[in-house]
**Student:** 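Below are the structure tokens for one structure; questions will follow.
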There are 2 protein chains.
Amino acid sequence: MSVQQSGRRERKKAATRQKIADTALRLFLERGYDAVGIRDVAAEADVAVTTLFSHFASKEALVFEQDEDFERRLTQAVTDRAPQEPLVPALRREILALVRHCTADSAAPIWHMIDASPALRKYDDSIRLRHADALAQAIAADPALGRSETAARTIARFVIDAYSLAREAPDPEAALDEIFPMIDAAWEAAGAPRHT
Amino acid sequence: MSVQQSGRRERKKAATRQKIADTALRLFLERGYDAVGIRDVAAEADVAVTTLFSHFASKEALVFEQDEDFERRLTQAVTDRAPQEPLVPALRREILALVRHCTADSAAPIWHMIDASPALRKYDDSIRLRHADALAQAIAADPALGRSETAARTIARFVIDAYSLAREAPDPEAALDEIFPMIDAAWEAAGAPRHT
DNA sequence: TTATTTAAAGCTATCCGTTAGTGTTACGGT
DNA sequence: ACCGTAACACTAACGGATAGCTTTAAATAA
């Protein structure tokens, strides 16, 4: 039961996963998401359909492969911020970085594809909501903030809203400039139940 | 082209639709959403599967039959409010009524079923987002409010968040008491670009 | 080394939601 | 009475996803 980190097995598994993801994204961008079937992806990646689904939970998940650290980055923006740095600006910085990342030219075709597919949009929405839950937990867990759990959940949602609103806005950074003062005001209005 | 409201045809169509919805909801509550297939519902309602799908766009839509006026009620809360009544309290009243409606004992089993099914939760989330778009339009269309389109979209999202957060909270009304002051602060912070 | 265990991948067959194609019935307008 | 068409039915299939079982090959024990 030695803890071999880089056995051949795990490398091969990771390679298979990567090959599937790469193939899928390539085919999706070439022919369109709806025009490519799971069987096409599996055949082109030279794996069985069951293997594909042992690596990815659904067809949509193939597209959001890279997006995995979104949740981690947001929660770390809360937990790893400088001592006594206020919450909202820290979150704003991270959201700005994330929005820039997904509106960059390199990511544009992918997000264009997502926006064009109802199934992908729906999937994106639902993972964002799960991210909001994680963010809410991180906020609620910080005793220095001293807000109720409801306030934490609420602000977490608002921050996720900021991300998706900015992503869809014609000028994402200007949208954030407008939304975050609103979030800040909401956060202040939530008050600190006990701060003596 | 007379506007016959109660032709036999339309009555029969409505009856068929109602029978399908009733049958579906009954079977779902009896045996569980996942344990009942579309073919089961169609057989029990004595219609063809294709007929079922000509009345409802998806299996999930069968569950949200009643919930159709959600969007209309919210947008009307904006457009039909008393002259010069501020926006946020009007929205708060309506959200409170909607939350009470869906947390009432009669609706409890349905919402329990929804919360238990990932597919239904996802569907619910996505229709709420579409409702937010409609609400944003209603807000942006009111010249008396004088907020930017981004601010309108943002507040609309926040209001929808309030609904779903309250619905899931242990004490929904207390949650609204906490969330709406935050929304109000956000709305005030958005300011009125031109009000002279 | 050889043997054993176990994780990864494969194959087959199928379920289930959903849709296309094609009729058939019966209501409504003329 | 006639015709157009809306509602519904039937068959067949498509595409995503899964269950059950076998095969391959890496890790570990002997």
Side-chain angles (χ1 to χ4, degrees), chain A residues 1-25 27-28 31-65 117-123 126, chain B residues 1-21 23-25 27-28 31-65 113 117-123 126:
Chain A
M1 201 196 262
S2 67
V3 197
Q4 272 292 92
Q5 284 299 1
S6 62
R8 186 168 303 164
R9 216 176 221 174
E10 298 173 20
R11 270 184 292 117
K12 284 202 173 182
K13 181 174 182 177
T16 301
R17 180 189 173 90
Q18 197 59 43
K19 185 173 186 184
I20 294 170
D22 291 347
T23 304
L25 203 55
L27 292 185
F28 290 160
R31 309 182 203 164
Y33 180 74
D34 289 325
V36 178
I38 285 291
R39 291 161 176 92
D40 299 328
V41 176
E44 184 86 5
D46 198 31
V47 295
V49 171
T50 48
T51 300
L52 188 157
F53 278 111
S54 78
H55 284 278
F56 299 92
S58 66
K59 185 186 180 184
E60 295 92 55
L62 286 166
V63 174
F64 292 91
E65 236 283 274
S117 161
L120 288 176
R121 291 181 63 95
K122 236 167 120 165
Y123 185 85
S126 85
Chain B
M1 202 195 261
S2 68
V3 196
Q4 269 295 88
Q5 285 299 0
S6 63
R8 188 168 302 164
R9 217 174 220 175
E10 298 172 19
R11 269 185 291 117
K12 285 201 173 180
K13 180 174 181 176
T16 301
R17 181 189 172 89
Q18 197 59 43
K19 185 173 186 184
I20 294 170
T23 305
L25 203 55
L27 291 185
F28 289 159
R31 308 182 204 162
Y33 181 75
D34 289 325
V36 177
I38 285 290
R39 291 161 178 89
D40 299 328
V41 176
E44 185 87 4
D46 198 31
V47 295
V49 171
T50 48
T51 300
L52 188 155
F53 277 110
S54 78
H55 286 276
F56 299 92
S58 66
K59 184 184 182 185
E60 295 93 52
L62 287 165
V63 174
F64 292 91
E65 236 283 273
M113 176 178 78
S117 159
L120 288 176
R121 292 181 62 97
K122 236 167 120 161
Y123 184 85
S126 85

**Student:** Report the residue (A:Ser54 or B:Ser58) whose heavy-atom-nearest nucleotide on DNA chain C is the more 5′ of the two.
**Tutor:**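 Upstream on the strand: A:Ser54.
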**Student:** Closest approach to the side chain of B:Arg9, judged atom by atom: which nucleotide of D:dG16, C:dG17, C:dG28 is it?
**Tutor:**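 Side chain of B:Arg9 sits closest to C:dG28.
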**Student:** Taking CG from B:Leu52 and P from C:dT19, how many angstroms apart are they, rounded to a whole number?
**Tutor:**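 Distance, rounded to whole Å: 11 Å.
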**Student:** Could you tell me whether B:Asp34 contacts a base, only the sugar-phosphate backbone, or nothing, with contacts defined as non-hydrogen atoms closer than 4.0 Å?
**Tutor:**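 Nothing, no nucleic acid heavy atom in range.
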**Student:** Closest heavy-atom contact between B:Lys19 and B:Asp46?
**Tutor:**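 Looking at all heavy atoms of both residues, the shortest contact is NZ-CB, 4.4 Å.
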**Student:** Write down the atom of A:Phe53, the atom of A:Ser58, and the distance for their closest heavy-atom approach.
**Tutor:**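 Distance-wise, the nearest heavy atoms are CE2-CA, 4.0 Å.
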**Student:** Starting from the 5' end of DNA chain D, give me the residue, B:Lys13 or A:Val36, whose nearest nucleotide shows up first.
**Tutor:**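 So the residue in question is B:Lys13.
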**Student:** Please check: side-chain N/O of A:Lys13 versus main-chain N/O of A:His55, any donor-acceptor pairing under 3.5 Å?
**Tutor:**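 No, A:Lys13 side chain to A:His55 backbone: no donor-acceptor pair under 3.5 Å.
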**Student:** Please report, rounded to the nearest Å, how far the C1' atom of D:dG16 is from the NZ atom of B:Lys59.
**Tutor:**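 That distance rounds to 15 Å.
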**Student:** Distance-only, no hydrogens or angles: does the B:Thr16 side chain make a donor-acceptor pair with backbone N or O of B:Lys12 under 3.5 Å?
**Tutor:**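 Here the side-chain-to-backbone pair exists.
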**Student:** Of the candidate nucleotides C:dC11, C:dT18, D:dC10, which contains the atom at the shortest distance from the side chain of B:Ala48?
**Tutor:**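 Side chain of B:Ala48 sits closest to D:dC10.
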**Student:** Whole angstrom is fine here: how far is it from OH in B:Tyr123 over to P in C:dG17?
**Tutor:**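 Distance, rounded to whole Å: 15 Å.
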**Student:** Taking 4.0 Å as the cut-off, does a side-chain nitrogen or oxygen of A:Thr50 come that near to OP1 or OP2 on C:dG10?
**Tutor:**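 No, because none of the side-chain N or O atoms of A:Thr50 sits under 4.0 Å from OP1 or OP2 of C:dG10.
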**Student:** Quick one: B:Asp40 CG to C:dT18 P, roughly how many Å, whole number?
**Tutor:**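 Answer to the nearest Å: 14 Å.
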**Student:** Check the distance between D:dG16's P and A:Phe28's CZ and give it to me in whole angstrom.
**Tutor:**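 So the two atoms are 8 Å apart, to the nearest Å.
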**Student:** Measure from the side-chain heavy atoms of A:Phe53 and tell me the nearest of D:dA25, C:dT18, D:dT18.
**Tutor:**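 Given the options D:dA25, C:dT18, D:dT18, the side chain of A:Phe53 is closest to D:dT18.
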**Student:** Does C:dA8 have OP1 or OP2 sitting under 4.0 Å from an N or O in the side chain of A:Lys12?
**Tutor:**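 It does not, given that no N or O in the side chain of A:Lys12 lies less than 4.0 Å from OP1 or OP2 of C:dA8.
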**Student:** Can you figure out which of D:dA7, D:dA26, C:dG17 approaches the side chain of A:Arg8 most closely?
**Tutor:**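 Nucleotide nearest to A:Arg8's side chain: D:dA26.
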**Student:** How close or far is atom P of D:dG16 from atom CZ of A:Phe56, stated in whole angstroms?
**Tutor:**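 After rounding, the gap between these two atoms is 15 Å.
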**Student:** Just compare D:dT18, C:dC27, D:dA13 and give me whichever is closest to any side-chain atom of B:Arg39.
**Tutor:**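 The listed nucleotide nearest to B:Arg39's side chain is D:dA13.
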**Student:** Side-chain donor or acceptor of B:Thr16 under 3.5 Å from a matching atom on the base of D:dC8?
**Tutor:**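 Answer is no: no donor-acceptor pair is held.
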**Student:** Of the nucleotides D:dT18, C:dG10, C:dT18, which one has an atom closest to the side chain of A:Val47?
**Tutor:**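 The closest nucleotide is C:dG10.
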**Student:** What is the distance, rounded to the nearest whole Å, between atom CG of B:Asp46 and atom C1' of D:dC10?
**Tutor:**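 So the CG-C1' distance, B:Asp46 to D:dC10, works out to 14 Å.
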**Student:** Could you state the NE2-P distance from B:His55 to D:dA7, rounded to the nearest angstrom?
**Tutor:**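 These atoms are roughly 8 Å apart.
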**Student:** Kindly give the heavy-atom pair with the smallest separation between A:Tyr33 and A:Ser117, and that separation in Å.
**Tutor:**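 In this case the closest contact between A:Tyr33 and A:Ser117 is CD2-OG, 3.8 Å.
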